Amino acid sequence: MSSGRKVRKNKRNKGPSRRHTRDEEHLSGSETRYWLIKSEPHSRIDGRTGRDLKFSLEDLSLVDSEPWDGVRNHEAKRNMLDMSPGDVCLFYHSNCPTPGIVGLAEVVCYAHPDESQFDRASPYFASKSTRSNPHWWCVDVKFKRRFRAKVTLRSLKADKNLQHMVLVRRSRLSVTPVTSSEYSYIIELEKSLPDTDDIDCQPRLNVSKTHEV
DNA sequence: GCCAACGTTGGC
DNA sequence: GCCAACGTTGGC
């Protein structure tokens with residue numbers, strides 16, 4: 001994937017031993033956990049590589065699954081190391097005229113080394129990473145569903161029941177935990193909104209659409 | 001495009 | 001280890 005927005009070492013969380021623990025938790029019936037992941041729905045070209053950093057919910061809906069790579073913040077990385085298959089992610093569109101949550105994705109695997117760190121042609125190349133000592137990890141996610149309407153950042157910030165959301169308090173973190181009560185509350189908010197055909201961010205007004213006839 | 005918030009880097 | 005300088009995120 002892309003999305004540098006997509007963002008965050010701690011021995012306890014690393015690698016196979018942690019994975020084993022989470023498997024056991026699942027076998028013993030642990031609850032689904034919830035997260036929020038950010039991505040940019042509009043084209044933005046990386047200066048060094050010329051690659052487009054865009055990755056919208058619609059882009060996710062067109063692939064089987066997508067590695068959530070390019071996250072270069074240790075706290076966000078730790079959050080992905082804590083994820084398990086079956087966890088649910090609120091999918092957030094950032095860096096657009098109306099930022100907000102536009103749908104749901106599902107975690108499909110435990111964290112693994114982020115391949116983009118080894119790829120010189122990637123915007124997320126990390127020169128100090130080696131195969132034997134990867135610095136960056138990511139999970140894969142798949143499309144779950146699109147919201148009937150966007151739950152905007154503005155509405156989340158204005159809601160006194162959501163003042164403790166990590167998204168609200170730590171606005172620059174691109175992968176954040178969400179409590180199950182925050183999750184349920186946001187799903188109720190979504191249900192209360194009128195259905196819309198297009199919940200994607202509108203194009204910026206000052207950008208000319210070159211494809212228009 | 002501006003800029004606040006915050007993360008990273010590197011000199012000392 | 002401190003902290004100034006710098007770079008990035010991302011809302012507005």
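Labels below follow one simple rule: chain letters A, B, ... track the order of the sequence lines, proteins then strands, and each chain is numbered from 1. None of the values given here were measured: they were computed from a predicted structure.
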Contact check, residues 153-166 of chain A vs DNA chain C, heavy-atom distance under 4.0 Å, returns L153(A), K157(A)
Specify the separation, in whole Å, of atom CZ of R72(A) and atom C1' of dG10(C). 19 Å
Over how many whole Å does the gap from H42(A) atom NE2 to dG10(C) atom C1' extend? 13 Å
Are any of R170(A)'s side-chain N or O atoms less than 4.0 Å away from OP1 or OP2 of dG7(B)? yes
Atom-pair distance (CG on L36(A); C1' on dT9(C)), nearest Å: 15 Å
If the condition is side-chain hydrogen bond (donor to acceptor under 3.5 Å, both in side chains), which residues does E182(A) pass it with, not counting sequence neighbours? T179(A)
Quick check, are the ring centers of W68(A) and F91(A) under 6.0 angstrom apart? yes
Which whole-number value in Å describes the distance from N95(A) CG to dT9(C) P? 9 Å
With sequence neighbours left out, which residue pairs that include part of residues 145-165 of chain A fulfil the ring-ring contact (aromatic ring centres under 6.0 Å, His included) condition? none
For the residue pair Y34(A) and Y183(A), categorise the inter-ring angle as parallel (less than 30°), tilted (30 to 60°) or perpendicular (more than 60°). parallel
Could you state the atom-to-atom distance from CH2 of W136(A) to C1' of dG7(B) in whole Å? 10 Å
Atom CG of L173(A) and atom C1' of dG11(C) are separated, to the nearest Å, by 16 Å
Hey, is the main chain of P85(A) close enough, under 3.5 Å, to the side chain of E106(A) for a donor-acceptor pair? no
Report the distance from atom CZ of R48(A) to atom P of dG7(C), rounded to the nearest whole Å. 16 Å
Looking at E190(A) and R146(A), does any basic side-chain N land under 4.0 Å from a carboxylate oxygen? no
Can you find a side chain N or O atom of Y92(A) that sits less than 4.0 Å from OP1 or OP2 on dG11(C)? yes
Rounded to the nearest Å, what distance is computed from the OH atom of residue Y124(A) to the P atom of nucleotide dT8(C)? 13 Å
